[in-house]
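In this text, all values refer to a predicted model and were calculated from it rather than measured experimentally. Heavy-atom basis, side chains included; hydrogens, waters and symmetry copies ignored. Just so you know, ligand 1 is whichever comes first in the structure, and atom 1 is the first atom listed for that ligand.
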Amino acid sequence: MDKNNFSRDEIVRILDSEDPAVSDELFQNARRIRSKIQGDKIFAYGFVYFSTYCRNNCNFCYFRRDNGIERYRKSEEEALAYAKALIDSGVDLIDLTTGEDPLYHQEAFATFANIVRTIKQDYGTPVMVSPGVVSHEVIDKLREAGADWYALYQETHNRDLFGKLRIGQDYDERMNAKLYARDSGMLIEEGLLAGVGETSEDVADSLLTMGEIGARQCRVMSFVPQEGSPMEHSETPDRSRELKIIGLMRSLYPEALIPASLDVDGISGLKDRIDAGANLITSIIPPMSGLMGVAHSVMDVDTGGRTIEEASRILGEMGLRIATRREYIDYMNEVLRK
Ligand code: SAM
Ligand code: MD0
Ligand code: SF4
């Protein structure tokens, strides 16, 4: 088996195999690759979901427009205070996320840009923006304000399935926003959802597409059913699938950032994802902030489970540690941007 260059058929075979020896070998190889590239370092991102308003109606999402939930918009001061607390706790980057909230793309765009600029310039910390699909002009301004990364997940690269998940949204418009950001010099993150009706062939196509479009961060999250959404009663998938996808991503893209998202299973899901080959912890959230996660909007947030301290403790038991911000910045500039 050629370890770093799986064909579509091999990917499908690994995904479909029920032999534990196949996943063990995949994960071992993934850990070996990670450790060769970055030793005992694991990166960590702070997550600030500063507006939960959204104009879209994604079938899987708690924050979809038609869900009658309580929503918030945080002010510039509040968002910056959360970001600062996360930075002081030791995260390597701040991920500024919103629902597709037109207010922050138009009238209140200055607020968004100010938050990015302050974190980047005054706090000396890299920034990822996850605002959904925005115009090229907004992407330009976010980049000029200092955003290093644009995160926008297709969820699947099967257009029919995309249409069933991201109701009323245009596949190409979403993809093109991402490609525009890449071409204008930003790093991009691509992502897929596991357990939303995709086939193993669809997953293989997503994995290969991530490489073709030059995504430097590649994510998979297991679907978690959301109250009040059309997929509320769909089942959450067995995590073995997400873990194998993480292992495959690491094998295919040795240098990529591959998240272990605390959003799916909280802090208790960290170890398995790191063992599968992830090299980045995402969704570190300031405790008692009233901020939300995405897939598990509240799990572990207020009790302090999603903190650097907790993550460090778990990594320590595995002989790993959180990378310093300097180490992250060097990795971004010397490995990912090369
Ligand atoms: N609104 C922006 C967007 O959709 O691009 C930014 C928000 S981004 C944090 C939302 C991402 O969270 C989705 O792209 C999806 O991958 C993930 N997500 C949302 N609902 C989820 C669920 N129920 N289970 C797992 N992941 C979910
Ligand atoms: C996470 N909840 O990292 C966040 C989110 C958005 N860029 C990321 C899905 O798990
Ligand atoms: Fe809105 Fe993003 Fe949720 Fe879709 S995934 S409903 S765009 S917040």
Do the side chain of [X] and the main chain of [Y] share a donor and acceptor less than 3.5 angstrom apart?
{"X": "Tyr123", "Y": "Asp88", "result": "no"}
{"X": "Lys178", "Y": "Leu152", "result": "yes"}
{"X": "Arg71", "Y": "Phe63", "result": "yes"}
{"X": "Ser261", "Y": "Thr282", "result": "no"}
{"X": "Asp300", "Y": "Ile267", "result": "yes"}

With salt bridge (charged side-chain N to carboxylate O under 4.0 Å, His left out) as the test, would you mind laying out the steps for Asp148 and Arg337 before giving the verdict? CA-CA 10 Å; Asp148 300 280; Arg337 284 206 172 103; 3.1 Å; yes
Would you say Leu152 has any N or O atom under 3.5 Å from an N or O of ligand 1, going by distance alone?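 For ligand 1, there is no N or O atom that lies under 3.5 Å from one belonging to Leu152.
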Evaluate Tyr49 for polar contact with ligand 1, using N/O atom pairs at a separation under 3.5 Å.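 Looking only at distances, the answer is no, because the N/O contact criterion of under 3.5 Å is not met.
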Heavy-atom nearest neighbour in the protein, as seen from [atom], with distance rounded to 0.1 Å:
{"atom": "atom 2 (Fe) of ligand 3", "value": "Arg166 NH2, 4.2 Å"}
{"atom": "atom 2 (N) of ligand 2", "value": "Asp263 OD2, 2.6 Å"}
{"atom": "atom 17 (C) of ligand 1", "value": "Val294 CG1, 3.8 Å"}
{"atom": "atom 10 (O) of ligand 2", "value": "Ser261 OG, 2.5 Å"}
{"atom": "atom 3 (O) of ligand 2", "value": "Thr282 OG1, 2.8 Å"}
{"atom": "atom 9 (C) of ligand 2", "value": "Arg219 NH1, 3.6 Å"}
{"atom": "atom 21 (C) of ligand 1", "value": "Phe60 CD1, 3.8 Å"}
{"atom": "atom 22 (C) of ligand 1", "value": "Val224 O, 3.7 Å"}
{"atom": "atom 5 (C) of ligand 2", "value": "Phe47 CE1, 3.7 Å"}

Under 6.0 Å between the ring centres of Phe223 and Phe60?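 Between Phe60 and Phe223, which both carry aromatic rings, the centre distance is not below 6.0 Å.
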Run the ring-centre check on Tyr104 versus Tyr53 and record whether the distance is less than 6.0 Å. no
Numbered atoms of ligand 2 (with element) below 4.0 Å of Ser130, judged on heavy atoms: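 Answer for ligand 2: 6 (C), 7 (N).
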Where ligand 2 meets Thr97 - atom numbers and elements under 4.0 angstrom, heavy-atom basis: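 Numbered from 1, ligand 2 contributes 6 (C), 7 (N).
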Give a yes/no on ligand 1: does [X] have at least one heavy atom closer than 4.0 angstrom to it?
{"X": "Arg174", "answer": "yes"}
{"X": "Arg166", "answer": "yes"}
{"X": "Ser130", "answer": "yes"}
{"X": "Gly99", "answer": "yes"}

From the list Leu26, Ile11, Ile14, side-chain contact (heavy atoms from CB on, under 4.5 Å) with Ser251 holds only for Leu26
Enumerate the atoms of ligand 1 whose separation from the nearest heavy atom of [X] is less than 4.0 angstrom.
{"X": "Thr98", "result": "1 (N), 2 (C), 6 (C), 7 (C)"}
{"X": "Leu193", "result": "16 (O), 25 (C), 26 (N), 27 (C)"}
{"X": "Met221", "result": "26 (N)"}
{"X": "Ser222", "result": "24 (N), 25 (C)"}

Location of contacts on [X] toward ligand 2, heavy atoms closer than 4.0 Å:
{"X": "Trp149", "value": "neither"}
{"X": "Tyr49", "value": "neither"}
{"X": "Ser283", "value": "both"}

[X] side chain to [Y] side chain, donor-acceptor N/O pair below 3.5 angstrom:
{"X": "Thr307", "Y": "Glu310", "value": "no"}
{"X": "Ser184", "Y": "Asp140", "value": "no"}
{"X": "Asp202", "Y": "Thr199", "value": "yes"}
{"X": "Glu227", "Y": "Tyr62", "value": "no"}
{"X": "Ser17", "Y": "Asp19", "value": "no"}
{"X": "Glu190", "Y": "His157", "value": "yes"}
{"X": "Ser240", "Y": "Asp238", "value": "yes"}
{"X": "Arg64", "Y": "Ser229", "value": "no"}

Under 2.8 Å from atom 1 (Fe) of ligand 3, which protein N, O or S atoms are there? Could you list them by chain and number? Cys54 SG
Under the ring-ring contact (aromatic ring centres under 6.0 Å, His included) rule, what do Phe43 and Tyr45 come out as? Steps first, then yes or no, please. CA-CA 7 Å; Phe43 304 112; Tyr45 289 0; 8.1 Å; no
Assess whether a salt bridge exists between Arg313 and Glu309, defined as any Lys/Arg side-chain N lying under 4.0 Å from an Asp/Glu carboxylate O.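 Looking at Glu309 together with Arg313, the answer is no, because their closest N to O distance does not fall below 4.0 Å.
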Which of the atoms in ligand 3, numbered in the order shown and given with their element, are less than 4.0 Å from a heavy-atom of Tyr49?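 Listed by number with element, the hits are 8 (S).
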Any heavy atom of Tyr153 sitting closer than 4.0 Å to ligand 2?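 Tyr153: in contact with ligand 2 (<4.0 Å).
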For the atom pair OG1 (Thr118) and CD (Gln121), what is the distance rounded to the nearest 0.5 Å?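 So the gap between those two atoms works out to 8.0 Å.
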Side chain or backbone, does Glu189 bring an N or O within less than 3.5 Å of an N or O on ligand 2? no
Does Glu155 approach ligand 1 within less than 4.0 angstrom via side chain, backbone, both or neither, non-hydrogen atoms only? side chain
